[in-house]
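Whatever order the structure lists ligands and atoms in, that order sets their numbers, starting from 1.
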Amino acid sequence: MTSTATHIGNFQFDNCLMNAAGVRCMSIKELEAIRHSKAGAFVTKTATLEERAGNPHPRMASTPLGTINSMGLPNKGFPYYLDYLLSLQKENADQSNILSVVGMSQLETHVILQTIQNSDYQGLVELNLSCPNVPGKPQIAYDFETTEKLLKDIFTYYKKPLGVKLPPYFDIVHFDQMADILNQFPLTFINSVNSIGNGLVIDDETVVIKPKNGFGGIGGDYIKPTALANVHAFYQRLKPSIQIIGTGGVKSGRDAFEHILCGASMVQIGSAFGYEDVPIFERVQKELQDIMTEKGYQTIEDFRGKLHYID
Ligand code: DHB
């Protein structure tokens, strides 16, 4: 019998597949739907200090190969998600989940993380360093100095398990530089990758989303090769205590298998979860198990990171 169970830090998950932040995870109703599905866990919509309405509509569109979005961090404010996760913790719900957060400024990020540090929350937190869609705000993790300083400041007071969500990188030197920064800190995980920022999709003569005159984050089939490269580049460079959540272009068991082969310990599904809703977790799990059975792998550790090269 094959198992897709995994762990991130000290947290165990029955299934390595889960949602990616941003898709169908803004309300408790949506999070409960994931919690009661075959997904191994859920991650919340990235929460800011205060509730946000996000960018004007239309702010997301699909193409045959994926999605473009410029949501602008709509969310219910981080206390909504923290209170919900604390209530699950109190009920001793058997599953761990991930709280995704970021401030609209460094100060706000510190307020959020200090509040979590001082709360009873014992679960995983993912700090989103890669939202591409807030006008005037850069993707933090493309600024290496700011990222290093931010993490340095955070780890002076933050003692709970923390991960960071990264944007895709496209240069070997950038993989080296970012890995050198991340390796200085007691991070539990990274999540690689967020959407490829600031793409442009055109229908006839017009952009398809309203914010930023059509520029938005790209997901889906377009991004799988970039996602796999990022997962593997960080797998080769990070200290083993920093695990990797692989995200980007996953819609089948084969895609999840490739992410794990590149080194991912957990795999998130974004655009395709948007299309298929919660049944996708069982379908992709079954397809992954079929591949594992065919190859004689019983657990994901049997092939995780064991990508073959051509001699
Ligand atoms: C949004 C989009 C992202 O890709 C992300 O990581 C965070 C937020 C958004 O626009 O809401």
Quiz item: Does atom CD of Glu294 have more than 12 heavy-atom neighbours from other groups under 6.0 Å away?
Solution: no
Quiz prompt | Aromatic contact, His174 with Tyr142 (centres under 6.0 Å) | solution = no
List, for ligand 1, each N/O atom that has a protein N/O partner under 3.5 Å away, with both atom names and the distance.
residue  : atom   : partner : partner atom : Å
ligand 1 : 4 (O)  : Asn194  : OD1          : 2.7
ligand 1 : 4 (O)  : Ser195  : OG           : 3.1
ligand 1 : 6 (O)  : Asn128  : ND2          : 3.0
ligand 1 : 6 (O)  : Asn194  : OD1          : 3.1
ligand 1 : 6 (O)  : Asn194  : ND2          : 2.4
ligand 1 : 10 (O) : Met71   : N            : 3.2
ligand 1 : 10 (O) : Gly72   : N            : 2.7
ligand 1 : 10 (O) : Asn133  : ND2          : 2.8
ligand 1 : 11 (O) : Lys45   : NZ           : 2.8
ligand 1 : 11 (O) : Gly72   : N            : 3.3
ligand 1 : 11 (O) : Leu73   : N            : 2.5

Self-check item: Atom pair NZ/CE of Lys45 and Met71 - distance to nearest 0.5 Å
Solution: 6.0 Å
Quiz item: Any side-chain heavy-atom pair from Val23 and Asn19 closer than 4.5 angstrom?
Solution: no
Quiz prompt | Short N-O contact, Arg254 and Glu258, less than 4.0 angstrom | solution = yes
Practice problem: State plainly whether one hydrophobic cluster holds both Ile269 and Val231, where clusters connect Ile, Leu, Val, Met, Phe, Trp and Tyr through side-chain heavy atoms under 4.5 angstrom apart. | Solution: yes
